[in-house]
Amino acid sequence: MFKKLDALPRDSRDTLFLLFVIAWVVLPQVGELPLWCSLLFASVLGWRGLLAVQNRPLPSKWWLVGLLVVTVAATWFTYRTMTGRDAGVTLIVVLLALKTLELRAKRDAFVVFFLSFFTLLTNFFFSQSLLTAAAMLIALLGLLTALVNTHMPVGKPPLLQAAKTAGFMALLGAPVMAVLFVLFPRMAPLWGVPSDAMTGRSGLSPNMVVGAIAKLALDSSIAMRLKFNGEPPDQAQMYFRGPVLSRFDGREWQPSRAGFGTGFGPAANASLQTSGTAYDYEVTLEPTQRPWLLVLDATPERPQIANTNAVMTRDMQWVADRTFNDLARYKARSYPDFQYAPIQSIPQMQEFLALPLGINPRTQALAAQMKAEPRLQGASAMVLVEAVLNRLKTGGYSYTLEPGVYGQHTADEFWFDRKEGFCEHIASSFVLLTRALGVPARVVTGYQGGERNGVDGFWVVRQSDAHAWAEVWVAGRGWVRVDPTSSVAPGRTASLQRLQAQQGLLASALGGAFGTFSPTLLSGLRNAWEAVNNSWNQWVLNYSESKQMDLLKNIGFGSPSWEDLGYVLAGMLVLVSLCGAAWTLWERNRHDPWLRLLQQATQRLAKAGFVIAPNSPPRSVADQLKQKPYDGAGVIRDWLLRLEALRYAPQATARLVNLSLLMREFKQLPWPK
């Protein structure tokens with residue numbers, strides 16, 4: 001790309017390069033911008049590039065005024081406001097594009113540069129992923145290259161030279177950026193950018209429409225990651241509790257309205273009894289825009305999460321006092337063996353026996369037929385439950401992602417007609433039949449299982465692990481988990497055999513190609529990428545104030561505070577400054593900077609084929625350039641003569657100032673190749 005650009009006149013080349021960098025800056029957020037904004041941005045940049053290539057004059061100010069009015073009006077009609085994240089970013093992007101249409105002088109270029117730097121930062125309003133950060137790092141280097149190129153002397157210095165200078169500048173600034181990242185105080189709520197409440201909602205819903213969870217099974221994106229302290233539980237025990245649903249209207253399950261189902265507070269914890277092995281783990285939860293803390297069943301103690309309060313509902317679900325619009329990390333302790341009260345029937349229990357009138361009549365008739373069987377007359381709740389599970393095992397039912405569209409009587413269709421479904425079809429039909437048998441039951445949604453990433457050791461739970469199961473109430477035991485899907489497809493929970501969506505033609509071809517090369521290649525590449533992305537999440541996005549305080553503790557502060565953090569930051573900056581000053585003094589005393597600069601110049605010319613005698617003064621070197629001239633030789637000759645005159649300057653102060661100037665000009669000179 002640099003070679004093709006170098007063939008153009010310098011103004012055209014520099015303009016096209018800058019337009020390319022601006023396009024790269026805006027490209028990652030095109031999906032977040034209105035369609036009219038993206039089209040206008042692309043049209044303006046294309047127009048400006050055409051004017052640069054054809055060396056035509058820029059449009060008049062009336063064009064800019066007209067486009068500005070259209071832009072402001074379109075932004076208002078799109079968002080009904082001129083403030084906020086989305087409207088603000090839209091205006092910035094369009095104003096950046098319009099500013100390129102009046103790119104006449106160096107002052108205009110500087111405005112475009114710094115507006116581009118600001119636009120670069122707006123990408124992190126929408127995503128802080130590793131890919132976004134990598135793309136913006138490339139954009140930063142591109143903008144620095146354009147900025148350095150603007151300061152280079154008259155002529156046509158190569159863009160690659162400006163790019164090398166920009167890269168060196170970025171490397172010099174990297175240690176300072178690292179120190180500021182680690183030590184700059186992260187005081188909420190000033191640190192970070194809040195997300196819009198309804199943006200990017202994904203994952204579980206507070207309600208369950210029969211057939212909805214099957215759509216999540218097609219989504220392989222990550223819902224959360226876990227790191228266990230020690231051995232993890234069996235995969236069959238990994239049930240991550242989400243919303244608990246009790247009311248059914250024939251199509252949709254909803255949470256309970258009764259106090260028993262929705263209450264908060266100590267009563268919920270008091271009715272939970274745990275036993276057996278406890279598992280300690282840390283969860284990194286992806287943004288959900290929900291207040292749910294997804295933890296393993298059952299978690300009696302409040303999960304440890306910074307700046308957040310959480311309570312357990314009487315449905316044994318942990319709910320925070322805020323929604324999680326960004327990555328959240330918390331620690332928890334769970335017990336797979338537990339008992340959840342009440343163990344005696346209470347009036348509110350009738351809600352868990354309710355059936356919608358006129359819905360699923362064949363299922364209710366089936367329940368009456370089963371209760372009439374001699375072996376089930378007067379049977380206990382668990383015997384009735386086992387009878388339903390046995391029907392699932394032996395009745396020819398199947399587990400599928402594509403059961404078709406169910407009608408009004410979803411349970412009737414499952415039990416008698418289709419005999420196939422996903423987990424929510426099976427759980428819903430199981431609960432309705434169990435209720436018809438007189439056993440209180442409800443639906444629980446969440447995630448089940450997960451897979452261990454062999455690269456970093458984290459357990460990954462995906463949206464495709466979304467699951468629905470049931471709980472039945474048994475006198476003397478309380479609520480008991482029953483997963484009817486295991487009766488239809490035991491591999492779903494025992495060995496985590498996931499259903500795979502049917503692949504398209506292109507996906508099948510690519511999968512076949514990679515599979516021929518190595519059956520585990522795609523899985524290995526995905527694990528490696530997710531491990532790298534997880535490290536980014538753990539060490540960058542989740543670097544919080546608590547980690548800063550832990551860092552201070554590790555270096556000797558007993559009870560660290562913000563003042564201590566400020567002292568450490570100031571001390572680091574002073575130390576770096578002193579080291580830089582000491583190195584500068586050492587370098588100046590050890591080598592004559594004038595001789596070193598002359599040596600670098602002769603080495604550049606010698607590589608280009610000039611025969612330079614040892615110890616040649618600057619004037620002799622300049623004379624050789626006169627004998628073998630090339631484009632740009634006059635600029636270098638002038639620089640060499642000024643270098644020679646500087647050697648005999650009468651005042652030391654003047655020598656030092658002018659030598660610094662010549663050093664800055666050195667790399668920008670049109671040296672021969």
Side-chain angles (χ1 to χ4, degrees), residues 110 113-114 116-118 120-121 124 133 136-152 161-188 190-192 539-541 543-600 643 646 649 651-668:
F110 289 155
F113 291 146
F114 293 112
S116 299
F117 282 120
F118 188 82
L120 183 151
L121 293 176
F124 296 106
M136 292 305 100
L137 177 60
I138 296 174
L140 174 64
L141 294 175
L143 288 174
L144 287 177
T145 299
L147 185 60
V148 170
N149 182 67
T150 305
H151 289 83
M152 298 184 78
Q161 182 179 339
K164 290 180 179 179
T165 303
F168 183 69
M169 291 170 57
L171 286 177
L172 289 179
V176 177
M177 290 190 292
V179 170
L180 291 176
F181 172 80
V182 173
L183 297 177
F184 193 86
R186 295 170 176 255
M187 296 178 289
L190 297 179
W191 187 264
W539 297 104
V540 178
L541 297 187
Y543 186 74
S544 60
E545 57 183 286
S546 61
K547 282 192 172 182
Q548 285 186 320
M549 296 302 138
D550 291 340
L551 175 64
L552 293 184
K553 290 180 181 179
N554 292 334
I555 61 178
F557 289 88
S559 299
S561 62
W562 294 119
E563 290 80 2
D564 298 329
L565 189 63
Y567 294 149
V568 174
L569 177 59
M572 287 293 295
L573 293 178
V574 170
L575 179 61
V576 170
S577 300
L578 291 176
C579 290
W583 181 85
T584 301
L585 291 175
W586 175 82
E587 181 73 7
R588 181 177 299 171
N589 293 330
R590 182 177 177 85
H591 302 286
D592 186 337
W594 188 91
L595 289 175
R596 184 175 56 190
L597 195 57
L598 177 59
Q599 182 183 14
Q600 292 175 352
L643 180 65
L646 181 64
Q651 296 181 357
T653 304
R655 286 200 301 269
L656 182 60
V657 172
N658 290 316
L659 183 61
S660 299
L661 178 62
L662 292 177
M663 287 180 176
R664 288 198 298 269
E665 294 178 0
F666 176 80
K667 291 185 178 181
Q668 301 174 1

Leu147 and Phe110: CA distance, side-chain angles, deciding distance, side chain to side chain contact (heavy atoms under 4.5 Å, CB included) verdict: CA-CA 8 Å; Leu147 185 60; Phe110 289 155; 3.9 Å; yes
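If you take CG on Leu569 and CG on Asp564, they are separated by 12.5 Å, rounding to the nearest 0.5 Å. The CG atom of Leu646 sits 9.5 Å away from the CG atom of Leu597 when rounded to the nearest 0.5 Å. To the nearest 0.5 Å, atom CG of residue Leu573 and atom CG of residue Leu578 are 11.0 Å apart. Residue Glu665 holds its CD atom at 13.0 Å from NE2 of His151, rounded to the nearest 0.5 Å. Separation of atoms CG (Leu121) and CE (Met136) is listed at 10.0 Å; rounding is to 0.5 Å.
Evaluation of the side chain to side chain contact (heavy atoms under 4.5 Å, CB included) rule for Lys553 yields Asp550, Pro560 as partners, not counting sequence neighbours. Residues satisfying the side chain to side chain contact (heavy atoms under 4.5 Å, CB included) criterion with Ala570, sequence neighbours excluded, are absent altogether. Listed by chain and number, the residues in a side chain to side chain contact (heavy atoms under 4.5 Å, CB included) with Ala146 are Phe17, Leu18, Phe113 (sequence neighbours excluded).
Heavy-atom minimum distance, Leu141 versus Gly167: CD2-CA, 4.4 Å.
Counting heavy atoms from C-beta on, the side chains of Phe117 and Leu140 come closer than 4.5 Å. The shortest distance between side-chain heavy atoms of Leu552 and Tyr567 does not fall below 4.5 Å.
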Could you list the donor-acceptor pairs under 3.5 angstrom formed by side chains in residues 168-181, with sequence neighbours left out?
none

